Amino acid sequence: SKNGPFTQSNQVYSEAIKQGNYKSSNGNPLMIGDVHITSPKADYTDYRRSVDMTKAEATVTWQSDGARFERRTFVSRADDQQDILFIELTCDQPGKLESALSLGLHAPDTANGIGDRNRFKAKTTASGGFIHYKALNPATPSALKDFGAVARVISHDGTLQSEGDQLKLSDASHALLAVKTFHYADASEAFDRLDAELEALDATYQDFLAEHVRAHQALFLSATVDLEADASERIGASSGGWRGRPPRGGAPA
């Protein structure tokens with residue numbers, strides 16, 4: 001019920017399934033983690049975000065400190081970069097791109113199992129252009145209880161320094177970040193595997209995007225639908241984007 005013992009209520013259907021001689025367990029969906037990109041610049045205008053479905057690419061732009069900033073993102077479908085998240089940060093003026101980059105548990109204040117013994121234990125470290133994030137799910141029955149992600153700054157034209165669980169980028173105009181996740185694994189083994197995969201990446205954002213788009217459009221453009229709307233009914237359909245203020249939480253970088 002809304003105000004009742006919901007935790008106990010969740011066990012009712014589980015117990016009923018067990019009585020039918022079926023294996024039963026409760027679970028809640030949880031994102032593997034978040035990519036944190038923050039900027040010291042708090043003032044911004046002309047915030048805009050858009051999604052190009054034909055490329056499966058998201059773009060965010062804004063103005064700050066007299067410069068134009070852009071963040072472009074996609075998750076690759078290309079065979080040799082499958083499921084890698086690519087993020088490109090750019091600024092149209094040299095030296096004005098500053099960002100702190102990190103990984104972490106999604107909504108850490110609420111992303112916990114039931115009871116103190118089942119709380120997720122997360123840790124993030126950053127060094128040598130890499131960020132390693134792991135979390136332990138003690139409620140997982142398997143010995144492989146870890147999940148997390150590895151990020152690598154593939155290229156940049158500024159200064160990149162490690163500070164605790166963050167990589168600090170400064171005096172730059174562009175940077176390219178690649179991220180890949182893991183789950184149901186031993187974190188140390190997953191880190192070694194993903195470090196090698198990300199270390200092998202050596203191209204520009206546009207190169208990675210082109211490979212992804214070829215694989216994506218083979219699926220996305222395999223069928224089309226035409227509702228036979230006239231031109232006046234299509235006005236605004238391709239305007240793209242959303243203008244206004246970004247979500248709460250500070251500067252959009």
Side-chain angles (χ1 to χ4, degrees), residues 32-39 48-63 67-103 126-133 148-162 166-182 190-222 224 238 240-241 252-253:
I32 284 181
D34 288 342
V35 180
H36 300 284
I37 303 175
T38 59
S39 170
R48 182 182 179 92
R49 59 184 179 181
S50 61
V51 177
D52 185 338
M53 299 300 290
T54 63
K55 296 181 179 180
E57 179 190 31
T59 302
V60 181
T61 60
W62 66 96
Q63 302 277 343
R68 180 183 182 276
F69 295 83
E70 182 175 72
R71 183 174 71 243
R72 301 176 66 187
T73 307
F74 70 93
V75 178
S76 183
R77 286 184 180 270
D79 287 341
D80 53 349
Q81 288 117 40
Q82 189 77 35
D83 297 330
I84 296 177
L85 169 67
F86 290 94
I87 303 173
E88 182 185 53
L89 306 173
T90 58
C91 175
D92 66 355
Q93 294 188 22
K96 286 196 173 184
L97 178 60
E98 297 181 57
S99 294
L101 313 173
S102 188
L103 303 173
S127 65
F130 282 82
I131 306 170
H132 296 95
Y133 150 66
V150 176
R152 177 197 168 207
V153 177
I154 296 175
S155 62
H156 66 89
D157 64 346
T159 299
L160 189 68
Q161 296 178 318
S162 304
Q166 297 181 329
L167 294 177
K168 293 288 187 70
L169 176 70
S170 59
D171 302 320
S173 65
H174 71 82
L176 174 59
L177 180 70
V179 185
K180 193 165 187 180
T181 64
F182 67 89
F191 286 164
D192 288 343
R193 174 173 55 85
L194 296 183
D195 282 356
E197 288 185 29
L198 298 181
E199 183 69 43
L201 298 175
D202 183 19
T204 67
Y205 179 87
Q206 288 297 334
D207 291 334
F208 293 126
L209 179 64
E211 290 188 57
H212 155 72
V213 168
R214 282 193 292 271
H216 172 71
Q217 290 188 348
L219 299 172
F220 187 79
L221 301 181
S222 62
T224 59
S238 60

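Numbers here simply count residues along the sequence, with the first being 1. Owing to the predicted nature of the structure, the values given are computational and were not obtained by experimental measurement.
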Hey, what do you get for CG (Leu176) to OG (Ser155), rounding to the nearest 0.5 Å? 4.5 Å
Any side-chain heavy-atom pair of Arg72 and Thr90 under 4.5 Å: no
Give me the atom names and distance for the closest heavy-atom approach of Val179 to Leu103. CG1-CD2, 4.2 Å
Shortest non-hydrogen contact between Ser173 and Leu97, atoms and distance: C-CD2, 3.8 Å
Between OG of Ser99 and NE2 of His156, what distance do you get to the nearest 0.5 Å? 12.5 Å
Output for pair (Glu98 CD, Thr159 OG1), nearest 0.5 Å, gives 10.0 Å
For Leu201 and Ala178, which heavy atoms make the closest approach, and how far apart are they? CD1-CB, 3.9 Å
Can you check whether Phe220 reaches Thr54 side chain to side chain, under 4.5 Å on heavy atoms? yes
Reported CZ-to-CD distance for the pair Phe69 and Gln63, which is rounded to 0.5 angstrom: 9.0 Å
Take Val150 and Arg152, measure what side-chain contact (heavy atoms from CB on, under 4.5 Å) needs, and give me the verdict at the end. CA-CA 7 Å; Val150 176; Arg152 177 197 168 207; 5.7 Å; no
Are the side chains of Arg193 and Phe182 in touch, meaning some heavy atoms are under 4.5 Å apart? yes
Kindly list each side-chain donor-acceptor pair under 3.5 angstrom involving residues 77-88, sequence neighbours excluded, with atom names and distances?
residue, atom, partner, partner atom, Å
Arg77, NE, His216, ND1, 3.1

Shortest non-hydrogen contact from Leu160 toward Gly129: CD2-CA, 4.0 Å
Would you mind reporting whether Leu177 and Leu169 have side-chain heavy atoms less than 4.5 Å apart? no
Can you label the angle between the Phe74 ring and the Tyr205 ring as parallel, tilted or perpendicular, going by 30° and 60°? perpendicular
Distance check, rounded to the nearest 0.5 Å: Asp171 atom CG versus Asp157 atom CG? 9.5 Å
Contacts of type side-chain hydrogen bond (donor to acceptor under 3.5 Å, both in side chains), residue Gln93, not counting sequence neighbours: Lys96
Enter the distance from Leu209:CG to Asp52:CG here, rounded to the nearest 0.5 Å. 9.0 Å
Got Thr61 and Glu70 here, is their nearest side-chain heavy-atom distance under 4.5 Å? yes
If you compare all heavy atoms of Ala218 against all heavy atoms of Ser222, which two are closest, and at what distance to 0.1 Å? O-CB, 3.5 Å
Looking at Leu167 and Ser162, what are the two nearest heavy atoms and their distance? CD2-OG, 3.5 Å
